[in-house]
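Computation of the quantities below employed the complete heavy-atom set of this structure, encompassing side-chain atoms and omitting hydrogens, waters and symmetry-equivalent molecules. Numbers restart at 1 for each chain; the letters A, B, ... are given by sequence-line order, proteins then strands.
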Amino acid sequence: MGMKSYDDGSLILTTHQIIWRDSSDFQICISVPLCLVVFCEKQSGGIGRSAKLSVHLQAAQANRTPGPVSRSRYDYVRFSFKNGGESEFHTKLQSAMQTKEWEKTSSQATSSPVSKSSAKTGPIRASGIVGIERKIEENRRVTDKNISVAFQDLTKLMEKAKEMVSLSSNIANKIKDKKGDITDDETVKFKSYLLSLGIPNPVTKETHGSGTHYHMQLAHEIASLLKQPLEENAGIMLLSDAYCRINRARGMELLSPEDLLNACRMLDNLKLHMKLREFETGVLVLQLDSHSDEKVISQTTELVDDSKSLSAQELANLVSVSVLLAKERLLLAERAGKLCRDDSDEGLRFYPNLFAQPMR
Amino acid sequence: MRRRGVGASAVTKKKLESARYKERGTELAAQQLEQLSSQLETFHTNLEEFAAKHKNEIRKDPQFRHQFQQMCASIGVDPLASGKGFWSEMLGVGDFYYELGVQAVEICIATRSQNGGILTMDELHKRLMKTRGRYGQDITQEDIRTAIKKLKVLGTGFALLGSASKQIIQSVPGELNMDHTAILDLAQQTNGKVSASQVQSALLWSPERTQQVLEHLTREGMAWADDQAKDKQRLYWFPALFNSDRKLKS
């Protein structure tokens with residue numbers, strides 16, 4: 001009949017279950033989850049009698065894997081320890097029952113497939129997987145704890161920062177109202193304090209300039225780094241382009257967009273052969289001093305003349321500048337009266353301004 | 001004897017001055033500046049300690065990063081204002097966002113000729129993750145939003161349009177008002193393609209209004225007009241809003 005007798009195997013205890021494995025055929029394997037264990041009774045052995053452990057159980061779960069029998073009138077299983085070990089097993093089992101490790105894992109579902117697979121596949125990996133699960137859970141708890149500690153520490157820092165913010169605004173108001181009686185040197189120091197904290201500078205740039213020593217240094221760095229790229233790009237470059245180039249070159253300790261802007265504002269005053277320029281559209285560019293609007297206007301007008309009309313994209317392709325800059329050139333020439341626009345659903349195109357030319 | 005006397009009187013004089021000022025409820029700005037300076041020094045040290053303990057959390061945990069930004073904003077501090085700021089220097093938050101900004105700018109430039117300068121947040125997010133590669137840090141859409149907001153000052157028209165779930169990033173200057181955004185919103189739901197009649201029935205607009213808005217978007221290069229449809233109705237395609245099987249070439 002092949003009714004298994006289960007009489008020669010080893011008993012394995014994990015944090016989540018008791019596993020019996022046949023000694024000769026490892027594929028034969030059955031288990032009982034610890035969460036079903038109610039009580040464990042030890043019966044010592046004697047002459048002709050092996051020591052036994054009776055493990056009293058709750059009713060089996062509906063989704064359990066099929067076992068040796070489908071039903072039993074007994075509500076316990078009894079293990080017979082022919083080769084000893086019942087005392088240690090009993091102790092370990094009791095401590096596992098106390099620890100209740102299975103309640104600590106985040107989901108019950110992660111434990112049952114383990115017992116399913118060990119019953120079917122043989123080689124016990126249960127404790128390994130459970131060990132990893134526990135580690136993940138432990139990490140998560142530690143991380144959560146770390147973050148809440150971090151958050152508490154951060155809150156304390158923020159309170160201190162808040163005090164400094166109000167102190168700064170106090171000082172700034174005094175400077176504005178000229179009640180400050182502060183020297184220029186002190187003003188410069190103040191601006192660098194604001195920079196360190198990331199407080200927007202309320203002191204007007206017209207009266208004191210927007211930059212600090214840091215920005216002045218940056219201005220020199222920018223000028224030397226971008227001189228050649230500018231020359232290769234018709235003497236003009238979008239500020240966003242400059243931002244990418246500089247930060248790519250730096251690799252780390254990158255500049256913030258505001259750092260770049262504030263540094264570029266100082267370029268003209270520092271006579272570094274280039275300057276920041278803002279178009280009417282709000283577009284910001286870096287421009288070499290040698291760049292001349294007149295040259296650009298006449299060049300653009302000529303090109304439009306030659307092609308009868310041009311769109312920004314077409315001009316961009318002709319002179320190798322970005323579309324945005326090409327558009328600015330067309331607008332520049334338009335403002336100078338050299339070009340007229342035609343806005344249709346074919347797009348925006350520019351034509352030579354025939355109105356301004358002498359009649360033939 | 002004389003030296004001591006001078007010393008003592010100078011000290012009392014200062015004390016007297018300061019007491020007088022306090023009486024009037026005002027302190028010299030110079031004194032306040034000294035106060036600020038020493039508070040800042042202490043803060044610098046505290047922040048260093050904080051960074052030594054928690055720098056990793058900020059780098060690795062987007063939720064914590066987000067909370068950090070919010071706390072700073074609530075006290076009136078911009079941790080990303082300058083690479084030279086304490087926050088940036090010690091916590092490394094600056095480099096994270098500035099680099100993200102560089103990558104975003106480059107992606108926008110690369111895709112501009114096809115999408116006219118608008119990009120969905122999802123698309124930008126995807127491309128950013130691709131650029132950063134397997135070993136790059138995880139970034140959330142909130143991170144992208146923070147980086148884009150900083151890019152505004154560069155003048156190239158960076159803007160975030162629409163509501164949080166289906167946001168669009170604009171990277172060219174040019175006013176896109178609520179009408180434009182409404183059509184972009186609609187086009188996102190219709191696979192990036194709309195007709196004038198669709199717009200009129202969905203948004204209850206007049207034909208003139210619909211025409212004007214669609215034409216503007218076409219002129220700006222964000223929509224392409226297509227007259228090849230069988231029913232002769234003009235269709236407007238938005239390359240930025242195509243769904244994944246018709247995506248922009250990388």
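Note that CD1 of B:Ile75 and CD of A:Glu163 are 10.5 Å apart. Values are rounded to the nearest 0.5 Å. To the nearest 0.5 Å, atom CZ of residue B:Arg219 and atom CG of residue A:Asp343 are 4.0 Å apart. To the nearest 0.5 Å, atom CD of residue B:Glu99 and atom CZ of residue A:Arg248 are 6.5 Å apart. With rounding to the nearest 0.5 angstrom, the NZ atom of A:Lys160 is 4.5 Å from the CG atom of B:Asn46.
For chain A, the option among B:Gly85, B:Gly76, B:Ser82 with the highest count of heavy-atom pairs below 4.5 Å is B:Ser82. Interface summary for chain A: among B:Lys53, B:Glu49, B:Glu220, B:Glu106, the most heavy-atom pairs under 4.5 angstrom belong to B:Glu106. For the set A:Cys244, A:Ser311, A:Ala242, A:Ser196, the entry with the most heavy-atom pairs within less than 4.5 Å of chain B is A:Ser196. Between chain B and the residues A:Thr281, A:Val285, A:Leu255, A:Leu261, the largest count of heavy-atom pairs under 4.5 Å involves A:Leu255. Listed options B:Gly83, B:Ala81, B:Cys72, B:Gly117 were ranked by heavy-atom pairs under 4.5 angstrom with chain A; first place goes to B:Ala81. Across A:Val165, A:Val283, A:Leu157, the residue that shares the most heavy-atom pairs under 4.5 angstrom with chain B is A:Leu157. When each of A:Leu218, A:Leu324, A:Leu238 is checked for heavy-atom pairs under 4.5 Å with chain B, A:Leu324 comes out on top.
For a residue to count as touching a neighbouring chain, one of its non-hydrogen atoms must lie under 4.5 Å from one of that chain's; by this rule B:Thr156 touches chain A with the side chain only. At a 4.5 Å heavy-atom cutoff, A:Arg245 makes no contact with chain B through either its backbone or its side chain. Both the backbone and the side chain of A:Leu195 come within less than 4.5 Å of a heavy atom in chain B. When heavy atoms are compared at a cutoff of 4.5 Å, A:Leu260 approaches chain B solely by way of its side chain, counted from C-beta outward. Contact of B:Thr42 with chain A is not made at all, since no heavy-atom distance falls under 4.5 Å. With a 4.5 angstrom heavy-atom cutoff, B:Leu47 touches chain A via backbone and side-chain atoms both. In this structure, the portions of A:Thr155 lying under 4.5 Å from any heavy atom of chain B include both its backbone and its side chain. For a residue to count as touching a neighbouring chain, one of its non-hydrogen atoms must lie under 4.5 Å from one of that chain's; by this rule B:Tyr98 touches chain A with backbone and side chain alike. Using a 4.5 Å cut-off between heavy atoms, A:Asp153 touches chain B through backbone and side chain atoms alike. At a 4.5 Å heavy-atom cutoff, the contact between B:Leu40 and chain A is made by backbone and side-chain atoms alike. In this structure, no portion of B:Gln63 lies under 4.5 Å from any heavy atom of chain A.
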* Could you go through the side chain to side chain contact (heavy atoms under 4.5 Å, CB included) check for A:Phe190 and B:Gln32 one step at a time? => CA-CA 10 Å; A:Phe190 179 55; B:Gln32 282 187 314; over 6 Å; no
* Between B:Tyr97 and A:Leu254, is a side chain to side chain contact (heavy atoms under 4.5 Å, CB included) present by the stated rule, with each step listed? -> CA-CA 9 Å; B:Tyr97 288 104; A:Leu254 306 182; over 6 Å; no
* To do: Apply side chain to side chain contact (heavy atoms under 4.5 Å, CB included) to the pair A:Leu154 and B:His54, showing each step before the final yes or no.
  => CA-CA 9 Å; A:Leu154 185 63; B:His54 302 299; over 6 Å; no
* What do the steps show when you test B:Leu36 against A:Ser168 for side chain to side chain contact (heavy atoms under 4.5 Å, CB included), and what is the final call? -> CA-CA 7 Å; B:Leu36 182 60; A:Ser168 308; 3.8 Å; yes
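The environment of NZ in B:Lys152 is crowded: more than 12 heavy-atom neighbours from other residues, nucleotides or ligands sit within 6.0 Å. Heavy-atom contacts from other residues, nucleotides or ligands closer than 6.0 Å to CD of B:Glu142 number more than 12.
Side-chain atoms of B:Trp87 come within 3.5 Å of backbone N or O of A:Leu197 as a donor-acceptor pair.
The residues B:Lys84 and A:Glu253 are annotated as not salt-bridged, no charged nitrogen and carboxylate oxygen being separated by less than 4.0 angstrom.
With a 4.5 Å cut-off on side-chain heavy atoms, B:Asp78 and A:Glu258 count as touching. Counting heavy atoms from C-beta on, the side chains of A:Tyr193 and B:Gln39 never come closer than 4.5 Å.
Looking at every heavy atom in both residues, B:Leu154 comes nearest to A:Ser240 through CD1-CA, 3.9 Å. Summarising the geometry of A:Ala150 relative to B:Phe50, their closest heavy-atom pair is O-CE1, 3.4 Å, with the distance given to 0.1 Å.
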